[in-house]
Amino acid sequence: MIEIWPAIDLIDSTSVRLTEGKYDSKESMPRTAEEAIAFYSKFKQVSRIHVIDLIGAKNQQPTEADYIEQLVSLTHLPIEVGGGIRSVETIESYLNKGVEYIIVGTKGIQDLDWLKEVTNKFPNKIYLSVDAYVEKIKLNGWLDDAGIDLFDFIEKINTFPLGGIIYTDISKDGKMSGPNFALTGKLVQSTSIPVIASGGIRNKDDIDQLDALNVHAAIVGKAANTDAFWEGIE
């Protein structure tokens, strides 16, 4: 069964959501991060919580580490963290704070030698966030074009001991219009690394369709803040 990883995106220690990654689209979520963690922890299908430091991603260095350490203490579920993580020292600092899994993005995409180094040092603990506008990979909190095709890039990292690849189609993110099933399914077929779908997931039907594509897990953001999404989910 596909796993559900609810997302908590942080700006100034506040749970927010962006649309298409645009910072001026910020809207606060109805639950605080603390309330969201307590709520999500009740569901069996939720196997971890996905936390992103949005300002860290934008500024290329973590800004919410101390607050995230507080969140870790609130749940029995593992927490994965991303946003501005670009050094072994930062990875080790988060792991020492009780964070279970680490998400890297821009640094891992731009520097494959570094990505290989950290995945070998922390096997299956590192998740690579590949954010693309359809197939064009974006960097630095979705602000810059990497000039790299999604599938050309995946070929280069197939042998790395990654925990998984988190694929977000930015054109779908925050719109509640459904994920990009076709591209996500194609990505699953192109790699042996577990694929995690993110962006646009609306309801249990979307979850079931991703499950049928052999997607390992689904990261759910805006929809997870609605009671309707959780109907029929254990």
Side-chain angles (χ1 to χ4, degrees), residues 3-18 21 23 26 29 31-41 46-109 114-115 117-119 121-131 139-142 160-168 173 193-194 196-199 216-222 224-225:
E3 299 175 12
I4 296 175
W5 301 353
I8 298 174
D9 292 348
L10 298 174
I11 291 180
D12 298 329
S13 301
T14 300
S15 179
V16 303
R17 289 297 291 164
L18 308 183
Y23 283 74
K26 178 184 75 174
M29 290 293 93
R31 295 185 181 95
T32 66
E34 291 87 349
E35 290 167 344
I37 283 177
F39 179 73
Y40 300 146
S41 297
V46 173
S47 57
R48 76 176 66 170
I49 309 260
H50 174 88
V51 178
I52 298 296
D53 174 358
L54 287 174
I55 299 300
K58 188 176 182 180
N59 292 345
Q60 305 178 25
Q61 60 182 10
T63 62
E64 298 277 8
D66 291 341
Y67 180 60
I68 288 169
E69 184 176 16
Q70 295 175 38
L71 298 181
V72 168
S73 69
L74 300 179
T75 180
H76 64 283
L77 293 172
I79 285 183
E80 64 179 13
V81 172
I85 299 174
R86 300 186 178 217
S87 71
V88 170
E89 292 75 20
T90 301
I91 293 170
E92 289 177 335
S93 175
Y94 268 127
L95 294 175
N96 289 336
K97 290 179 186 296
V99 171
E100 195 73 25
Y101 302 102
I102 301 295
I103 304 160
V104 300
T106 295
K107 174 71 172 177
I109 291 167
W114 180 81
L115 182 64
E117 174 193 347
V118 297
T119 54
K121 186 175 179 66
F122 309 102
N124 301 313
K125 288 282 188 180
I126 307 296
Y127 284 70
L128 182 65
S129 180
V130 181
D131 303 330
L139 304 174
N140 298 319
W142 305 352
F160 292 11
L162 283 158
I165 296 167
I166 298 172
Y167 168 59
T168 303
D173 191 71
I193 300 169
I196 296 91
S198 174
H216 175 72
I219 293 172
V220 186
K222 190 174 287 188
N225 284 275

Is there a side-chain contact between [X] and [Y] in this structure, where contact means two heavy atoms from C-beta onward sitting under 4.5 Å apart?
X	Y	answer
I126	L162	yes
I91	I85	yes
T106	Q60	no
K97	I68	no
V118	V88	yes

Between [atom1] of [X] and [atom2] of [Y], what distance do you get to the nearest 0.5 Å?
X	Y	atom1	atom2	answer
I219	R48	CD1	CZ	8.5 Å
Y40	I49	OH	CD1	7.5 Å
I196	I193	CD1	CD1	9.5 Å
F39	R31	CZ	CZ	4.0 Å
I11	R17	CD1	CZ	11.0 Å
I102	E80	CD1	CD	9.0 Å

Where do [X] and [Y] come nearest, in terms of heavy atoms and distance?
X	Y	result
P62	G84	CD-O, 3.3 Å
P194	G163	CG-O, 3.5 Å
S198	I166	CB-CG2, 4.2 Å
S15	A33	CB-N, 4.0 Å

Task: D9 vs L18, side chain to side chain contact (heavy atoms under 4.5 Å, CB included): CA-CA, chis, key distance, verdict - done: CA-CA 9 Å; D9 292 348; L18 308 183; 5.8 Å; no
Task: Set of residues satisfying ring-ring contact (aromatic ring centres under 6.0 Å, His included) with respect to Y101, sequence neighbours excluded - done: Y127
Open item on the list: Holding to ring-ring contact (aromatic ring centres under 6.0 Å, His included), I want the full list of residues that pass it with Y94, two or more places apart in sequence or in another chain.
Closed with: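 Y94 satisfies ring-ring contact (aromatic ring centres under 6.0 Å, His included) with no residue once adjacent residues are dropped.
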[X]: which residues meet the side chain to side chain donor-acceptor pair (under 3.5 Å) condition with it, sequence neighbours left out?
X	answer
T90	S87
E64	S13
E92	none

Test your reading of the model: is there a side-chain donor-acceptor pair from [X] to the backbone of [Y], 3.5 Å cut-off?
X	Y	value
S41	I37	yes
K125	E100	yes
S73	Q70	yes

Open item on the list: Evaluate F160 against L128 for side chain to side chain contact (heavy atoms under 4.5 Å, CB included), listing each step before the verdict.
Closed with: CA-CA 10 Å; F160 292 11; L128 182 65; over 6 Å; no
- [ ] Assess whether atom CG of D12 is packed by more than 12 heavy atoms of other residues, nucleotides or ligands within 6.0 Å.
- [x]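 No, not enclosed.
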TODO: May I have the step-by-step check of side chain to side chain contact (heavy atoms under 4.5 Å, CB included) for V99 and V51, ending in yes or no?
DONE: CA-CA 10 Å; V99 171; V51 178; over 6 Å; no
Task: Contact list for residues 48-84, test ring pair (Phe, Tyr, Trp, His ring centres under 6.0 Å), sequence neighbours left out - done: none
- [ ] Please report the C-alpha distance between L10 and D53 in whole Å, then the side-chain angles of each, then the deciding distance to 0.1 Å, and finally whether the side chain to side chain contact (heavy atoms under 4.5 Å, CB included) criterion is met.
- [x] CA-CA 5 Å; L10 298 174; D53 174 358; 5.5 Å; no
